[in-house]
Amino acid sequence: MPRRLPAPTREQAVARFEELYDASYRDVLAYLLRRVRQPDQAADLVADVFTAVWRRIDDVPPGDQARPWVFGVARHVLANHRRGARRVNALSARLRSELRETTVTHPGDGGLGEIGAVFRSLSDQDQEILALAGWEELDAGQIAVVLGCARGTARVRLHRARNRFARALRRAGLEIDGHPSPSTATRRPTTAKGATS
């Protein structure tokens, strides 16, 4: 049984990596550029290749076998990239197909009539928080996560936005069931199929 060589020190590993990088970076980049559509993809992939080389620095074969081994790592990284791209493309195609059959009514669309016009008159911040509460049906804690603020802050912002919406509805002379109802006015409509969009 052949004797296993002792693991290299960190300094030896760094020196070995730098030697490999200097000797093969340009060739590996050219290899990747010839196999991808966008140069920026090759730049990302070459970084992934040398990250993998560093992680496996103890596995690099000696002498003339090191350079082809690096190309093998590049080939593996490229194959992973292509598999990932195929998965993304398949998912995107499926999503596009599903979205062709989806009808979406936005909170500020004219299809909501005068209420939509009042909603559009609100600030972007008020529209967003009311839509998160009404359309996405998020509570104050969940809204806080979306907005990146404290739960109490989200609760206060939502309360104030609802009050501003109610005042705007009153100014426009709009009432629902005898009184302005911003939460009803911002609730998601239901499509003809009975599903929400």
Quiz item: Does the side chain of Y21 reach to within under 4.5 Å of the side chain of W54, using non-hydrogen atoms?
Solution: no
Quiz item: Heavy-atom distance under 4.5 Å between the side chains of R26 and Y31, does that happen here?
Solution: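 Contact flag for R26/Y31 side chains = no.
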Between [X] (side chain only) and [Y] (backbone N and O only), is there a donor and an acceptor less than 3.5 Å apart?
X    : Y    : result
T51  : A47  : yes
T153 : C149 : no
Q142 : D139 : yes
E114 : L174 : no
N89  : A85  : yes
E137 : G134 : no
Q41  : V36  : no

Which pair of heavy atoms, one from [X] and one from [Y], lies closest together, and at what distance?
X    : Y    : answer
L122 : Q127 : O-NE2, 2.9 Å
I143 : A154 : CG2-CB, 4.1 Å
V60  : A66  : CG1-CB, 3.8 Å
A74  : V49  : CA-CG2, 3.6 Å
L20  : F50  : O-CE2, 4.3 Å
V70  : S24  : CG1-OG, 3.9 Å

Quiz item: Would you say V156 and I129 are hydrophobically clustered, going by side-chain heavy atoms of ILVMFWY under 4.5 Å?
Solution: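 No, because V156 and I129 fall into different hydrophobic clusters, even though each may have its own neighbours under 4.5 Å.
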Quiz item: Applying the 4.5 Å side-chain criterion to the ILVMFWY set and letting contacts propagate, would L138 and V145 be lumped into a single cluster?
Solution: no
Quiz prompt | Pair D27 + R67: basic N to acidic O under 4.0 Å | solution = yes
